[in-house]
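First comes the structure, then the notes that go with it.
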Amino acid sequence: MLQTLRKGAAGWVAKVFLGVLVLSFAVWGVADIFRIGGGGRDAAVVGDRKITVEEFRNAYSNELRRISQQAKRVITPEQARLAGVGERVLGNMVNEAAIDASVAKLGLSVSEEEVAREVQDDEMFRGPTGGFDRVTFQEILRQNNLTENDYIRLQRSFTARKQLTDAMTANMTTPVALRQAIHAFNADSRSITYLELKPEDPASIPAPSEEALRSYYDEHKNAFRAPEYRKLALLALDAKAIAPSKDIPESEIRAYYDANKPQYSELEKRSIEQISFPTLEEAQAAYEQIKNGELFEQLIIQRKIKPEDAFLGNLTKAEMFDRKVADAAFALKQGEVSPPVQGQYATVLLRVTGIQQERVKNFEDVRDEIRAVLAELSAKKDVLALHDKIDEARLGGATLEEIGKAQNLPVRVVEAVDRGGRAPDGAGVSDLPLSSELLSKAFEPEVESDVVSADDSYVWFDVRDVTEARDLSFDEARAQAETRWREDEARRRLDQRTDALLAELKGGKTLEDVAAAQKLEVEQAETTRSGGAPSIKAAQATSVFQTPVEGFGATAADETGSRLLFKVTAENIRPFDPAAPDDSGQLDRLAAGMGSDIVSAFVQKLREDLGTRFDPSAIAEVVGGAS
């Protein structure tokens, strides 16, 4: 469930709680879903844990809703079935059940304080102030049909699973032998002397004969095609384009400021420390010690709590997860210790070590910002209202021109545009609204009219005419064919020249002899496998490392068409220092990959030991398709 929980309809990004290590094995063993027989009405059974059809259906529906919102279009059950969405969802549920069984067997548990801390720290629940916001928290739970207790239970299970997998991969390091091999591959270099051979300017190459050009055209006919063009009529509606013209009264701006003043404030923050107790009696006894002169720091030491674990942070009241604890903390004076507070999840003593008072921005400082917000909100309302009217008119058979006249909106006609947004003359068609979405939809087979949308913008379009793609005749393609022939001829001549000079070098001539004859300068460079100074590219470096020391070779052409004729003069072995830091992050990625493999193998073994069964008919009942 936590894998599909997303931040609601206001643009919240999907939140995946199960880490990369666990997700990496989500498909292990899932291919057998439709082959292993089962029984009953459970989609899967892992040891004693039964994953019911209803549980699977709920998780599957949540995932379909999530990916549909992410794709901004409805994903059909058939599309989801072909993409294996059901297998992935059920595979994750089975893996989680297997890890939960191991967690229970090991007796692992997660404290209420840790669960509360993880929820408070989750950026998914941050509000306008940047900290935990209970209103946001409750709204997201509501959107996902979860109660607070349901979510806490899911978070506790997730944290316990993560503790187990993290313990298996803690301090995972890349083996020294592998690090040494990577270091050699990345750091070892070769020194070369070389000549740069540049291609001739294609324009300077004599024109081909008619016969040669026609032969070239016939051999490359598929390269000389006119693309499909479509004539489009467009009616665009864009909230951002409308917003600057909106007239927002000063009174509305002032009213918005007054109603949302906390949004333009730096809310009061408090530096809060907390000590948790298993019972109210223990908390009361500790509070009596404080009253009798015991220091709060001494209590922290007595209870073997690290100072950083006792420090909750510099928090606003809204950022605190437990309401009772928040109320108590914000009622204290600086330096004061609270009496025992029976919070939602633990009994605690609190101390406030610092107070940052609330600071409110002046109305004048935020007037323009508020005006822009209100203008965009007003424009969005106008767009939604117009959108409905336009859709109704389209359903009623009205043309775009009729709709545009009625709603005072311009209709633009693009006479011809190809799939890449270019006109027949090769120039790009300027200012196409929602160009990628529009062209993708407008060039679908058989489409005649439709609407595309993104970010409060809509474009209705008609395909008025289609000019099919076709082969260009020789006369039409003559100029293109000649240009391409000259470019190919320049490359061919350079290749011949390079091969001939390389043969001379291998026949006994020195690089200096060849350079003098060609009126070129001998240059020097050092390169690793990824390239080097002054201008050796990775593709060219490949040839250098394939050539033995004192041997001659030639590189492939670079982006300018030039090739290098070179001699390898030295192989430079860089010493390996096991203690050297890895600034590239490559070793961390390798270690993470090895950790992922370990967890994958662990979970697969858990599933085998526990016994995992699937019911194909129950699965098909949810995802469709035959067993």
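Below, all heavy atoms of this structure are taken into account, side chains as well, without hydrogens, waters or symmetry copies.
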>> Let's go through F566 and T193 carefully: what are the C-alpha distance in whole Å and the side-chain angles of both, what is the deciding distance for side chain to side chain contact (heavy atoms under 4.5 Å, CB included) to 0.1 Å, and is it a yes or a no?
In response: CA-CA 6 Å; F566 64 86; T193 55; over 6 Å; no
> Does A538 offer a backbone N or O that forms a donor-acceptor pair with the side chain of T542 under 3.5 Å?
Replying inline: yes
> For V568, does its backbone N or O pair with a side-chain atom of R190 as donor and acceptor, under 3.5 Å?
Replying inline: no
>> Is it the case that the side chains of W460 and D450 hold a donor-acceptor pair, with the cut-off being a distance below 3.5 Å and no angle test?
In response: no
>> Do P208 and E482 make a side-chain contact, defined as non-hydrogen atoms from C-beta onward lying under 4.5 Å apart?
In response: yes
> Under 4.5 Å between any side-chain heavy atoms of L520 and L197, yes or no?
Replying inline: yes
> Under 3.5 Å, side chain of D122 to main-chain N/O of F125, donor-acceptor pair present?
Replying inline: no
> Would you say the side chain of L232 lies within less than 4.5 Å of the side chain of V417, judging by non-hydrogen atoms?
Replying inline: yes
> Should S215 and Y217 count as side-chain neighbours, where that means a heavy-atom distance under 4.5 Å?
Replying inline: no
> Can a cation-pi geometry be assigned to R230 and F443, taking NZ or CZ under 6.0 Å from the six-membered ring centre and within 45° of the ring axis?
Replying inline: yes
>> Restricting to salt bridge (Lys or Arg N to Asp or Glu O under 4.0 Å), what partner residues turn up for D558, sequence neighbours left out?
In response: none
>> Quick test of your reading of the model: are E364 and R254 salt-bridged, counting only N-O distances below 4.0 Å?
In response: no
> Is it true that a side-chain atom of T555 and a backbone atom of L564 form a donor plus acceptor pair closer than 3.5 Å?
Replying inline: yes
> Does atom CG of D475 have more than 12 heavy-atom neighbours, drawn from other residues, nucleotides or ligands, at distances under 6.0 Å?
Replying inline: yes
> Could you go step by step and tell me if V544 and Y194 meet the side chain to side chain contact (heavy atoms under 4.5 Å, CB included) rule?
Replying inline: CA-CA 11 Å; V544 173; Y194 69 93; over 6 Å; no
>> Between D513 (side chain only) and K509 (backbone N and O only), is there a donor and an acceptor less than 3.5 Å apart?
In response: no
> Are D462 and K231 within salt-bridge range, i.e. N to O under 4.0 Å?
Replying inline: no
>> Show, in sequence, the C-alpha distance, side-chain angles and deciding distance for E621 and R57, and conclude whether the side chain to side chain contact (heavy atoms under 4.5 Å, CB included) test is met.
In response: CA-CA 9 Å; E621 179 183 318; R57 179 179 287 110; 3.1 Å; yes
> Under 4.5 Å between any side-chain heavy atoms of E196 and E521, yes or no?
Replying inline: no
>> Any side-chain to backbone donor/acceptor pair from D582 onto L587? Under 3.5 Å, distance only.
In response: yes
>> Quiz question: by atom type and distance under 3.5 Å, do the side chains of Q518 and R497 form a donor-acceptor pair?
In response: yes
>> So does G84 get a backbone contact from the side chain of E87, meaning a donor-acceptor N/O pair under 3.5 Å?
In response: no
> How close do K246 and S378 get, heavy atom to heavy atom, and via which atoms?
Replying inline: CE-OG, 2.8 Å
>> Can you tell whether the side chains of E559 and K537 come within less than 4.0 Å, N to carboxylate O?
In response: yes
>> Testing the 3.5 Å rule here: is there a donor-acceptor pair between the side chains of S189 and E526?
In response: yes
> Can you tell me if T483 uses its side chain to pair, donor with acceptor, with the backbone of A479 under 3.5 Å?
Replying inline: yes
>> Looking at every heavy atom in both T527 and G532, which two are closest together, and how far apart are they?
In response: OG1-N, 3.3 Å
> Who are the salt bridge (Lys or Arg N to Asp or Glu O under 4.0 Å) partners of E369, not counting sequence neighbours?
Replying inline: none
> Is any side-chain heavy atom of I619 closer than 4.5 Å to a side-chain heavy atom of F56?
Replying inline: yes
>> Salt bridge check, E200 against R493: does any charged N sit closer than 4.0 Å to a carboxylate O?
In response: yes
> Checking side chain to side chain contact (heavy atoms under 4.5 Å, CB included) for the pair Q79/T76: CA distance, chi angles, key distance, verdict?
Replying inline: CA-CA 5 Å; Q79 290 171 325; T76 66; 3.1 Å; yes
>> If only side-chain N and O atoms count, and only distance matters, is there a donor-acceptor pair under 3.5 Å linking S562 with K198?
In response: no
>> Show the nearest heavy-atom pair for residues A477 and L472, with the distance to one decimal.
In response: CB-CB, 4.0 Å
> Looking at D365 and K361, does any basic side-chain N land under 4.0 Å from a carboxylate oxygen?
Replying inline: no
> Under the ring-ring contact (aromatic ring centres under 6.0 Å, His included) test, which residues partner F185, sequence neighbours left out?
Replying inline: none
>> With a 3.5 Å distance limit and no angle check, can you tell me whether T498 reaches the backbone of L494 through a side-chain donor-acceptor pair?
In response: yes
>> According to side-chain contact (heavy atoms from CB on, under 4.5 Å), who are the partners of E444, at least two apart in sequence or on a separate chain?
In response: K441, V447
>> Please list all pairs meeting salt bridge (charged side-chain N to carboxylate O under 4.0 Å, His left out) that have one or both residues in residues 201-218, counting only residues at least two apart or in different chains.
In response: E210-R478
>> Taking R66 first and then E63, would you say they form a salt bridge - that is, a charged N and a carboxylate O separated by under 4.0 Å?
In response: yes
> Is any side-chain N of the basic residue among K405 and E402 closer than 4.0 Å to the acidic one's carboxylate O?
Replying inline: no
>> According to salt bridge (Lys or Arg N to Asp or Glu O under 4.0 Å), who are the partners of E476, at least two apart in sequence or on a separate chain?
In response: R470
> Does R412 reach the main-chain N or O of L234 with its side chain, forming a donor-acceptor pair under 3.5 Å?
Replying inline: no
> Do you see a donor-acceptor pair shorter than 3.5 Å between the side chains of Y216 and D488?
Replying inline: yes
>> Is any side-chain heavy atom of I370 closer than 4.5 Å to one of L374?
In response: yes
> Is the NZ or CZ atom of R484 both under 6.0 Å from the centre of the six-membered ring of F224 and within 45° of that ring's axis?
Replying inline: yes
> Is there side-chain contact between D418 and V429, with at least one heavy-atom pair below 4.5 Å?
Replying inline: no
